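Data block below; observations after.
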Amino acid sequence: MERTTVLITGCSSGIGLGLAAHLAADGRFKVYATMRDLAKGERLLERLGGCCPDTLEVLQLDVTDPHSVAAAAQQLQEQRLDVLVCNAGVGLMGPLETCSEQAMKNLFDVNLFGAIRTIQAFLPTMKRRRAGRIIVSSSIGGLQGLPFNAVYCASKFAVEGLCESLAVVLRPFNIHLTLVECGPVNTSFLANLQRPDPEGSEMQGLDAETRDKVLAELIEPYEVRVAKLREFLEDVKPSLHYDIVPLADPYGPSVTDPDLQCLVVSEETRRGGEAVNKKRLENGLPVLALYEILLMKDPNHSQNEEEKISSSSLRQRLLGTLLRPPRQDPTLPSRPYVIGLTGGTGSGKTSIAKLLGHLGAFLIDADKLGHTVYVPSGPAYERVVATFGAEIVNEDGTVNRKALGAKVFGNQERLKSLTDIVWPEIARMVKEQIREADAQGKAVCVLDAAVLLEAGWQDMVHEVWTAIIPEEEAVKRIMARDGLSEEAARSRLRSQMTNSQRVEQSQVVLCTLWEPDITRTQVEKAWDLLQQRLGPPRSP
């Protein structure tokens, strides 16, 4: 009977090694077991009793090297390939802020691009035969995020998208694509993990984007988190002796410190504790007593959309809360209490302002006030026309905003000339509006201003509230709303302050990334906390 031909990548250890050995021993398969370092092929031969059967051939193939992949494909070009197993993969565990950019690139180069290169190289053979099966090793980390595995999960999410897209277009060629989403498997995968960069700065490699919908700007520096943990421990038990150490790898000092006696675990982390003890035994150290504690269950966990989107509760705790004390400026009147609301293009700032208006705030729209300064009777009209010329004036005497924008675009000197004229006039009108709010007895006034921080208007407010969203989401919104190309949308964002720059100067941060109900919940939470800070309303 003709054997089924199988090529497997990543056979030097783990699942790949086990699969290659199992199929080769079966007798019904011709197995091409590939690995980057052929010296590690001894492990596979040991699994097969020290000999290489005629059902097995070991090939060199490094999925990160296009030449190596092409060479392996060349060796098999005359062979029938029935099954291709893309199994090569690496992990990267640790806090996202400690993962170096190079380590993250290496991870994607193996997990995602390694699979792409392999499929590209061997797919033509299958297409010519109009038959075959491709099996790609993914992970449960491709279905849901896992704590301290953000980059690894991102790579597996990408693999899932790749395979789901390919599966459809390969069907007409009678090529079937299968994703295997493995859970925990007893292999050397943990030992082979890439380690985060212990020298990495707290924010290295973070970028909204965060792209995987993590709000990087809300991750506090390591020193701040340590200080809060120390404060908590002292509150709980002042006599407690402790050491707080940064973790540069998943184990930390737990596998090297001979003085440790006990490790506290939960049901969820017990297997991690067992892995620690295994490592201690390998290091010649006594095992630790594993003390398991019960964790409280959150009855509303499944109803919390933010928790569904990410396993981290960081957003839930920080969004809408006071990140730093309000400004203490004796020149600012205590009432009305002024909130400066800002955010980049597409951040959802306007929708947040409307929600605050429904809750009782007096709204001041700086953008609308900006339009009034340009009208022929406006306070800045004459100076703007005198500075930028009559060519910016329409036939009806109004300022052509597009023509004016074209004059200042990309010219910082001209832009400053314009803002030096316009911003002070808008600020004066804002102050008039604040006095009007006070006359109406309003306790809270919200200044909705995209350029609040750039213009220095934070001096007019008690607190700065910022709306942020990841850059990728902002690009999508701008393209859909304004009909711009992706490059134009990104160019617009690059001309503005970054999320991080805004957050650094803000008391409260809000995010409109999710459904409107989630945004409303954040705003209501921020409003309620504001009312608590303001205390009882003053008597009429």
Side-chain angles (χ1 to χ4, degrees), residues 218 315-344 347-373 423-468 502-512 516-540:
L218 298 186
R315 286 192 293 270
Q316 182 189 11
R317 291 191 295 105
L318 293 181
L319 289 174
T321 63
L322 194 68
L323 299 181
R324 50 185 57 85
R327 295 182 61 250
Q328 300 296 324
D329 187 344
T331 64
L332 278 176
S334 59
R335 296 291 176 113
Y337 196 84
V338 184
I339 301 296
L341 177 62
T342 189
S347 64
K349 172 179 61 66
T350 301
S351 63
I352 291 174
K354 290 178 180 178
L355 289 171
L356 290 169
H358 292 318
L359 291 170
F362 183 93
L363 297 184
I364 302 174
D365 189 332
D367 188 52
K368 287 185 177 178
L369 294 179
H371 281 77
T372 64
V373 301
W423 283 353
E425 295 298 337
I426 297 176
R428 182 184 58 78
M429 299 170 76
V430 166
K431 291 175 181 177
E432 291 177 358
Q433 291 280 294
I434 293 174
R435 288 192 288 269
E436 175 61 26
D438 184 42
Q440 294 183 21
K442 293 289 186 178
V444 177
C445 196
V446 172
L447 169 58
D448 177 1
V451 295
L452 179 85
L453 300 174
E454 294 90 332
W457 294 340
Q458 62 266 43
D459 293 340
M460 295 192 291
V461 305
H462 297 86
E463 296 179 17
V464 175
W465 290 18
T466 291
I468 65 172
R502 289 192 176 92
V503 169
E504 287 173 1
Q505 303 181 60
S506 301
Q507 275 72 34
V508 173
V509 176
L510 301 160
C511 179
T512 63
D517 286 347
I518 304 300
T519 301
R520 184 178 299 105
T521 299
Q522 289 179 43
V523 174
E524 290 173 349
K525 172 184 175 182
W527 181 262
D528 291 341
L529 291 173
L530 173 63
Q531 300 310 308
Q532 294 175 27
R533 294 197 292 276
L534 295 181
R538 63 183 178 183
S539 303

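Here the structure is a predicted model, which means the values were calculated and not measured.
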note = Residues Ile426 and Ala366: closest non-hydrogen pair is CG2-O, 4.1 Å
request  = With side-chain contact (heavy atoms from CB on, under 4.5 Å) as the test, would you mind laying out the steps for Val523 and Leu356 before giving the verdict?
outcome  = CA-CA 7 Å; Val523 174; Leu356 290 169; 3.6 Å; yes
task = Only counting residues at least two apart or in another chain, list the ones meeting side chain to side chain donor-acceptor pair (under 3.5 Å) with Ser334.
result = none
note = Residue pairs meeting salt bridge (charged side-chain N to carboxylate O under 4.0 Å, His left out), one or both in residues 362-373, sequence neighbours left out, come to none
ask   = Considering all heavy atoms of both residues, which atom of Val508 and which atom of Ala526 are nearest to each other, and what is their separation?
value = CG1-CB, 4.3 Å
Would you mind writing out the side-chain donor-acceptor pairs for residues 453-468 within the sub-3.5 Å range, not counting sequence neighbours?
unit_1, atom_1, unit_2, atom_2, d
His462, ND1, Val338, N, 2.9
His462, NE2, Pro333, O, 2.9
Glu463, OE1, Trp465, NE1, 2.9
Glu463, OE1, Arg533, NH2, 2.8
Glu463, OE2, Tyr337, OH, 2.7
Glu463, OE2, Arg533, NE, 3.1
Glu463, OE2, Arg533, NH2, 3.2
Thr466, OG1, Ser506, OG, 2.5

note = Those residues at least two apart in sequence (or on a different chain) that pass side-chain contact (heavy atoms from CB on, under 4.5 Å) with Thr350 are Lys354, Asp448
note = Smallest heavy-atom separation, Ala361 atom then Val446 atom, equals CB-CG2, 3.7 Å
message = Could you check whether any side-chain heavy atom of Thr519 comes within less than 4.5 Å of a side-chain heavy atom of Leu510, counting everything from C-beta outward?
response = no
note = Shortest non-hydrogen pair, Arg335 vs Ala443, comes out as NH1-CB, 3.5 Å
message = So that I can tick it off, tell me whether Asp517 and Arg520 are bridged by a salt bridge, with the cut-off set at under 4.0 angstrom between side-chain N and carboxylate O.
response = yes
key: Set of side chain to side chain donor-acceptor pair (under 3.5 Å) partners for Glu504, sequence neighbours left out   = none
Heavy-atom side-chain contact between Val444 and Leu534 under 4.5 Å = yes
key: Residues which pass salt bridge (Lys or Arg N to Asp or Glu O under 4.0 Å) with Glu432, listed by chain and number, not counting sequence neighbours   = Arg428
Heavy-atom pair with the smallest gap, counting every atom of Pro336 and Asp438 = CD-CB, 3.5 Å
task = Please report the shortest heavy-atom distance between Gln433 and Phe362, naming the atom on each side.
result = O-CE2, 3.6 Å
request  = Measure the spacing between CD1 of Ile364 and CE of Met429 and express it to the nearest 0.5 Å.
outcome  = 11.0 Å
